[in-house]
Amino acid sequence: MLLLVFPVLLAIRHRWMPYIMSVSLSLVALKWLHVTYTMITVRLMMGDDWLRMTLIMAAVVCFTLMSICLFQGQKLRAYYRVSSV
């Protein structure tokens with residue numbers, strides 16, 4: 001359900017939206033870290049290769065964290081009418 005709500009939130013031009021999206025993306029990154037830890041644990045117990053999967057998941061977490069930087073940029077802050085402090 002949240003996957004349907006967040007794209008709609010992007011269309012709302014309110015000054016709190018960059019903060020809401022940044023916090024949401026931070027929580028998503030934490031969830032990806034938890035999923036990565038769980039997958040590493042399962043792969044280690046099964047004796048499978050875990051390094052490649054860890055590198056891929058690390059890239060996913062980094063991409064999610066870099067997405068937060070977009071909401072801190074001048075263009076999106078201007079779009080959402082965030083006053084610079």
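We count residues from 1, following the sequence as given.
Pairs passing the side chain to side chain donor-acceptor pair (under 3.5 Å) check and including a residue from residues 11-31, sequence neighbours excluded, read Ser22-Gln72.
For Thr41, there are no side-chain hydrogen bond (donor to acceptor under 3.5 Å, both in side chains) partners, not counting sequence neighbours. Looking at residues two or more places apart in sequence or on another chain, you find a side-chain contact (heavy atoms from CB on, under 4.5 Å) between Met21 and Phe6, Leu10, Phe71.
Taking Ile, Leu, Val, Met, Phe, Trp and Tyr as members and joining any whose side-chain heavy atoms lie under 4.5 Å apart, directly or through other members, the hydrophobic cluster of Val42 also contains Met46. Through side-chain heavy atoms spaced under 4.5 Å, either directly or across other Ile, Leu, Val, Met, Phe, Trp or Tyr residues, Val8 is tied to no other residue.
Residues Met17 and Val5 share a hydrophobic cluster, clusters being chains of Ile/Leu/Val/Met/Phe/Trp/Tyr side chains in contact below 4.5 Å. Cluster membership for Met39 and Leu30, using ILVMFWY side-chain heavy atoms within less than 4.5 angstrom, is shared. In this structure, Ile68 is not a member of the same hydrophobic cluster as Met66, with clusters built from ILVMFWY side-chain heavy atoms closer than 4.5 Å. Transitive grouping of hydrophobic side chains (ILVMFWY, heavy atoms separated by less than 4.5 Å) brings Ile12 and Leu25 into a common cluster.
Taking each heavy atom of Ala29 and Leu65 in turn, the nearest pair found is CB-CD2, 3.6 Å.
Using modelled atom types, one side-chain atom of Arg43 and one backbone atom of Asp49 make a donor-acceptor pair closer than 3.5 Å.
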Side-chain donor/acceptor pairs under 3.5 Å, residues 52-62, sequence neighbours excluded:
{"residue": "Thr54", "atom": "OG1", "partner": "Trp50", "partner atom": "O", "Å": "2.7"}

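Other residues, nucleotides and ligands place more than 12 heavy atoms under 6.0 Å from the OH atom of Tyr79.
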